[in-house]
2 protein chains.
Amino acid sequence: MLKLSKKTEYALMAVKYIAMNNGGNCITAKEISSGYKISFELVSKILQQLTKFNLVQSFQGVKGGYTLTRSPNEITLIEIIKAIEPNYYITDCMGDTGSVNDCEHFDCCMIRSPLMKVQKQIESIFKQTTINEII
Amino acid sequence: MLKLSKKTEYALMAVKYIAMNNGGNCITAKEISSGYKISFELVSKILQQLTKFNLVQSFQGVKGGYTLTRSPNEITLIEIIKAIEPNYYITDCMGDTGSVNDCEHFDCCMIRSPLMKVQKQIESIFKQTTINEII
DNA sequence: TGAAATAGGACTGAAATAGTCTGATATAAA
DNA sequence: TTTATATCAGACTATTTCAGTCCTATTTCA
């Protein structure tokens with residue numbers, strides 16, 4: 001279906017929110033949740049995931065929250081996608097797990113390598129787009 | 001998930017098959033089905049869809065089958081995607097149905113228009129890729 | 001008339017997504 | 001030391017989408 005997941009959308013919105021309210025203070029999941037009307041639990045999960053990928057830094061406890069680890073013009077779309085989307089390849093056989101040999105169609109259908117080229121081009125777009133551009 | 005559907009993959013394979021075996025004769029769904037080991041019914045459906053979008057021409061009855069309506073270097077990836085994928089936009093709010101007003105997040109979250117730009121870039125890749133390149 | 005082909009709608013099972021629920025851990029402040 | 005407010009984390013559920021199947025009708029050639 002060629003669609004970014006809702007989670008990725010929310011991740012972008014969350015990162016944007018943190019970037020915009022960057023007075024040095026932490027931004028809480030609750031703030032983002034109510035600011036954008038997204039389920040609190042969902043936003044939390046996404047922020048935790050972004051933390052794991054070192055895109056945001058978390059602070060626990062009272063007065064805790066999240067800050068960006070880098071400036072918005074140093075964070076690219078591809079990093080967020082890779083952190084959130086379990087699989088961002090345009091076909092299954094391009095993933096880490098799906099090897100060439102998994103293809104059951106006519107000894108690997110041969111549309112794979114041209115599509116790989118398309119994949120690379122799409123990734124290059126994601127690499128070029130920074131968070132700055134979505135603020 | 002940012003993935004092309006299996007149907008689109010099969011559509012590409014089918015179009016490729018017809019393009020390669022272009023001795024002027026029709027290619028039947030059965031041929032493609034057994035050649036690529038794809039379910040016959042599925043291939044049929046896909047070819048019917050491609051027919052509706054005038055990418056292939058169908059001939060009914062005995063000796064029937066399919067031919068391309070244009071030469072492979074005149075058919076682009078975007079045309080096949082548009083014919084098969086019900087929704088090829090990277091977010092929901094970009095579709096024909098999903099208007100700006102449908103967005104429930106903070107008066108249209110504002111990541112929409114920068115993502116629209118990304119969408120256009122991706123489409124431009126699909127427009128540039130012809131069937132010739134996948135043969 | 002029969003065989004071989006496309007046309008097309010209804011249906012099902014499986015997989016992915018979106019979202020919820022519950023409990024644990026950490027920390028600042030009263 | 002207690003309490004309120006945060007993050008952290010895993011299990012769970014409902015919904016949607018996708019892939020594939022089934023069945024029937026229609027067309028065409030020999």
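Lettering of chains follows the sequences in order, A, B, ..., and the numbering in each one begins at 1.
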[X] has an atom [atom1]; how far is it from atom [atom2] of [N], in whole Å?
X	N	atom1	atom2	answer
B:Glu41	C:dG8	CD	C1'	13 Å
B:Lys63	D:dA30	NZ	C1'	9 Å
A:Leu42	C:dT22	CG	P	17 Å
A:Glu31	D:dA6	CD	C1'	12 Å
A:Glu9	C:dT17	CD	C1'	12 Å
B:Leu50	C:dA7	CG	C1'	14 Å
A:Lys3	C:dA18	NZ	P	11 Å
A:Asn87	D:dC18	CG	P	15 Å

Please give the nucleotide sitting opposite D:dA30 as a Watson-Crick or G-U wobble pair, both distances under 3.5 Å, or none. C:dT1
The Watson-Crick or G-U wobble partner of D:dT7, with both key distances under 3.5 Å, is C:dA24
For A:Phe40 and for A:Lys45, locate the closest nucleotide of DNA chain D by heavy-atom distance; then report the residue assigned to the nucleotide nearer the 5' terminus. A:Phe40
On DNA chain D, nearest-nucleotide positions of A:Met1 versus A:Ala29: which is more 5'? A:Ala29
Calculate, to the nearest 0.5 Å, the distance between atoms CD1 and CD1 belonging to B:Ile32 and B:Ile18 respectively. 4.0 Å
Taking only the side-chain heavy atoms of [X] (C-beta and beyond), determine which of [options] contains the nearest atom.
X	options	answer
A:Val62	D:dA19, C:dA4, D:dA4	D:dA4
A:Lys30	D:dA6, D:dC8, C:dT17	D:dA6
A:Lys7	D:dT7, C:dA18, D:dT21	C:dA18
A:Gln60	D:dT7, D:dA19, C:dG19	D:dT7
A:Ser58	C:dA18, D:dC8, D:dG20	D:dC8

May I ask you to say what B:Thr28 touches in the nucleic acid, namely base, sugar-phosphate or nothing, with a heavy-atom cut-off under 4.0 Å? sugar-phosphate
How is B:Lys52 classified with respect to the nucleic acid when contacts are heavy atoms under 4.0 Å: base, sugar-phosphate, or nothing? sugar-phosphate
Note, [X] side chain near [Y] side chain (heavy atom, < 4.5 Å):
X	Y	value
B:Phe53	B:Ile80	no
A:Thr130	A:Glu133	yes
A:Asp92	B:Lys6	yes
B:Ile131	B:Leu12	yes
A:Gln119	A:Tyr88	yes

Does a nitrogen or oxygen in the side chain of B:Thr51 sit under 4.0 Å from OP1 or OP2 of C:dT6? no
Any A:Tyr66 side-chain N or O less than 4.0 Å from OP1/OP2 of D:dA6: no
Looking at C:dA7, does its base get a donor-acceptor pair with the side chain of B:Gln48 below 3.5 Å? yes
